[in-house]
There are 2 protein chains.
Amino acid sequence: MSSTPVPLPGNVQNMAELLRVVAEPKRLLILDLLMQGVHCNCELGKALQLAPNLISHHLSVLRKAGLVDMERDALDARWVYYTINRAALDELNNAWDVFFGPARIQPRRPSCGPAGTLILDDEMDRRQHNE
Amino acid sequence: MSSTPVPLPGNVQNMAELLRVVAEPKRLLILDLLMQGVHCNCELGKALQLAPNLISHHLSVLRKAGLVDMERDALDARWVYYTINRAALDELNNAWDVFFGPARIQPRRPSCGPAGTLILDDEMDRRQHNE
DNA sequence: GCTATACTTCAACGCACATTGAATCATTTC
DNA sequence: GAAATGATTCAATGTGCGTTGAAGTATAGC
């Protein structure tokens with residue numbers, strides 16, 4: 001229960017990119033609908049009052065990010081249906097927890113400024129016991 | 001364990017705004033450091049290789065979003081220390097789960113297109129039992 | 001008082017990206 | 001074949017916002 005290895009900032013770029021994709025209001029709404037099940041382009045357009053080309057655009061961004069899958073209708077290939085990529089969603093949820101899970105919050109005093117050099121009472125106690 | 005009331009899209013705007021704040025790479029890095037404990041402006045600047053005014057800028061964005069608190073040093077008021085706002089973090093985590101929690105994923109066929117009007121086998125079964 | 005330090009604010013710049021409208025593609029239907 | 005439908009792609013536009021560099025604020029030390 002001791003050394004927390006301080007999560008790697010290499011993931012930060014990936015995480016930021018995913019969050020950027022998700023942070024766009026229209027895309028968040030699309031995801032909100034897709035979480036409730038399969039939708040086609042026209043359906044999303046109606047629900048969001050958005051032109052079909054814009055829906056396409058946002059869906060392609062979501063697909064490139066791996067968050068959304070598409071599938072053509074077996075009977076009429078003109079229709080396309082979109083679904084949440086469950087694996088990607090799980091990954092995103094895990095990554096989120098790694099960053100923002102409350103367990104990561106740690107006590108720490110800054111390493112500079114008066115508060116950094118100041119030796120507090122409890123610190124004195126700690127030093128006396130260790131050395 | 002039945003009716004999931006379909007989360008309100010009124011929160012969507014707030015959520016998107018918070019995610020936008022958090023999605024910025026430098027800010028995500030700052031949050032990453034603050035999760036590990038208190039930091040002052042100069043410390044963050046050194047860690048991120050960023051000019052102090054940029055740090056200030058991003059911190060002010062984070063503060064306006066309520067995610068970060070600041071506190072002046074009691075001995076030397078020139079130094080400012082920043083911390084994660086625990087309550088805001090908890091709220092953010094809750095909001096995230098409301099949106100992206102896997103439990104929200106629901107089965108659904110689109111309401112338009114062939115797949116929408118098509119009556120599948122299991123649907124036939126369902127109808128026979130209900131009517 | 002004057003200078004140094006820690007941080008903030010301001011104005012200007014530049015770029016990424018959502019939006020728009022038109023054109024294009026791929027199927028299906030007649 | 002031609003027309004219609006669902007969806008995508010393209011070029012052009014507008015703008016939000018991160019960045020830059022300089023000026024400003026506040027406190028501390030002399």
Side-chain angles (χ1 to χ4, degrees), chain A residues 12-13 16-31 38-65 68-82 110-118, chain B residues 12-13 16-31 38-65 68-82 110-118:
Chain A
V12 174
Q13 293 303 321
E17 169 62 15
L18 269 181
L19 289 179
R20 188 192 64 80
V21 167
V22 159
E24 209 288 322
K26 306 290 168 53
R27 284 197 286 267
L28 194 55
L29 274 170
I30 290 176
L31 284 176
V38 188
H39 283 73
C40 66
N41 194 322
C42 73
E43 231 179 343
L44 295 171
K46 272 179 221 155
L48 305 189
Q49 306 262 52
L50 236 57
N53 58 347
L54 256 189
I55 302 286
S56 267
H57 165 65
H58 286 308
L59 280 171
S60 87
V61 174
L62 289 169
R63 283 206 304 129
K64 276 169 192 162
V68 165
D69 290 329
M70 60 169 281
E71 183 186 8
R72 292 204 167 269
D73 190 293
L75 297 177
D76 186 338
R78 289 175 300 182
W79 296 79
V80 181
Y81 306 114
Y82 295 96
S111 67
C112 61
T117 54
L118 181 63
Chain B
V12 174
Q13 293 303 322
E17 169 62 15
L18 269 181
L19 289 179
R20 188 192 65 80
V21 168
V22 159
E24 211 286 322
K26 306 290 169 52
R27 284 196 288 266
L28 193 55
L29 234 31
I30 290 177
L31 284 177
V38 187
H39 283 74
C40 66
N41 195 323
C42 72
E43 230 177 342
L44 295 171
K46 272 179 223 156
L48 305 190
Q49 305 263 51
L50 236 57
N53 57 345
L54 258 189
I55 301 286
S56 266
H57 166 66
H58 287 308
L59 281 170
S60 86
V61 174
L62 289 169
R63 282 206 303 130
K64 275 169 193 161
V68 165
D69 290 330
M70 61 169 280
E71 183 187 8
R72 293 205 166 268
D73 191 294
L75 297 178
D76 186 338
R78 290 175 300 182
W79 297 78
V80 181
Y81 306 113
Y82 295 95
S111 66
C112 61
T117 55
L118 182 64

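This structure is a prediction, so every number in the text was calculated from the model and none was measured. Below, read A as the first sequence line, B as the second, and so on, with proteins coming before strands; counting in each chain starts at 1.
- For DNA chain C, the contact window with chain A, defined by any atom under 4.0 Å from a protein heavy atom, covers C:dC17 to C:dT28 in 5' to 3' order.
- Using modelled atom types, no side-chain atom of A:Glu24 and backbone atom of A:Val21 make a donor-acceptor pair closer than 3.5 Å.
- Once rounded to the nearest 0.5 Å, the distance linking CD of A:Glu43 with CD1 of A:Ile55 reads 11.0 Å.
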Next on the checklist: Working note: B:Ile30 + B:Leu48, criterion side chain to side chain contact (heavy atoms under 4.5 Å, CB included); need CA distance, chi angles, decisive distance, verdict.
Outcome noted: CA-CA 8 Å; B:Ile30 290 177; B:Leu48 305 190; 3.4 Å; yes
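- One can place CG of B:Asn41 at 17 Å from P of D:dA26, the figure rounded to the nearest angstrom.
- Remark: A:Arg20, A:Glu24, A:Lys26 in residues 18-26 of chain A come within less than 4.0 Å of DNA chain C through at least one heavy atom.
- Residue B:Arg72 contributes atom CZ, which lies 9 Å from atom C1' of D:dT27 at whole-angstrom precision.
- Judged by distance alone, the side chains of A:Asp69 and A:Tyr82 never bring a donor and an acceptor atom under 3.5 Å apart.
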Item to check | Stepwise salt bridge (charged side-chain N to carboxylate O under 4.0 Å, His left out) check, A:Arg20 with A:Glu17 | outcome: CA-CA 5 Å; A:Arg20 188 192 64 80; A:Glu17 169 62 15; 3.2 Å; yes
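- Of the residues in residues 47-63 of chain A, those lying under 4.0 Å from DNA chain D by heavy-atom distance are A:Pro52, A:Asn53, A:Ser56.
- Between the CG atom of A:Asp76 and the C1' atom of D:dA4 there is a distance of 12 Å, given to the nearest Å.
- Between A:Leu28 and A:Val22 the shortest side-chain heavy-atom distance falls below 4.5 Å.
- Crowding of A:Glu71 atom CD: a count of heavy atoms from other residues, nucleotides or ligands under 6.0 Å not exceeding 12.
- For A:Arg63 (side chain) and A:Val68 (main-chain N/O), no donor-acceptor pair under 3.5 Å exists by modelled atom type.
- Of the residues near DNA chain C, A:Ala77 and A:Arg27, the one whose nearest nucleotide (by heavy atom distance) lies more toward the 5' end is A:Arg27.
- At distances below 3.5 Å, not a single donor-acceptor pair connects side-chain atoms of A:Arg27 with backbone N or O atoms of A:His58.
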